Amino acid sequence: MASIMQSSMSFVSLSNQALVSGTRISNPSSVSLSIKGRNFPSIQLQPRGRRFQFRCAAKPETVKKVCDIVKKQLALSEDSTVTGESKFAALGADSLDTVEIVMGLEEEFGITVEEDSAQSISTVQDAAEMIDKLLESKA
């Protein structure tokens, strides 16, 4: 027996008989399984996002500089941890802070960031990758 929560559907398979043909389940949040009276722990499912994600890693020195600029712009303490995966919003940045971060990046790296590119930046890594891309196209 397998039960799928959220959609409240259960299936029982007796020997080799098919479950229910044509049945479709979408977006379950957990799955429980019981085989021959033996219960297995429920599995919590994560929301599906993109199956594959390709990223070009920014240079470590670029990420480091961006981390330093973000700390300075947000007045974070020196012992605050800011990494490439840090989201500006999670660090307490609002939209005005993000604009100031982008301005600081433009000044530090001698680049110009288009408004639509600036709006797509949500993490330190996003910013570092954009900077490396702009510097590469500038060279």
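No experiment lies behind these values; they were computed from the predicted model shown.
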Note to self: For a 4.5 angstrom cut-off between non-hydrogen side-chain atoms, does Ser86 reach Thr83?
What the structure shows: yes
Item checked: side chain to side chain donor-acceptor pair (under 3.5 Å) partners for Thr62, two or more places apart -> Asp132
Next item on the list: Apply side chain to side chain contact (heavy atoms under 4.5 Å, CB included) to Asp116 and list each qualifying residue two or more places apart in sequence or on a separate chain.
Entry: Glu114
Item checked: Lys87: side chain to side chain contact (heavy atoms under 4.5 Å, CB included) partners, not counting sequence neighbours -> Ala90, Thr123
Next item on the list: Keeping to residues at least two apart or across chains, list the side chain to side chain donor-acceptor pair (under 3.5 Å) pairs with something in residues 65-80.
Entry: Lys64-Asp68, Ser77-Asp79, Ser77-Ser80
Note to self: For Ser120, give me all partners under side chain to side chain contact (heavy atoms under 4.5 Å, CB included), at least two apart in sequence or on another chain.
What the structure shows: none
Note to self: According to side chain to side chain donor-acceptor pair (under 3.5 Å), who are the partners of Asp97, at least two apart in sequence or on a separate chain?
What the structure shows: none
Check: Distance from Glu129 atom CD to Lys133 atom NZ, nearest 0.5 Å?
Finding: 10.0 Å
Next item on the list: For Glu61, check side chain to side chain contact (heavy atoms under 4.5 Å, CB included) against everything at least two apart and list the hits.
Entry: Lys59
Checklist line | Residues clustering with Val70 (ILVMFWY side chains joined when closer than 4.5 Å, directly or via others) | finding: Val63, Val66, Ile69, Leu74, Leu76, Val82, Phe88, Leu91, Ile101, Val102, Leu105, Phe109, Ile111, Val113, Ile121, Val124, Met130, Ile131, Leu134, Leu135
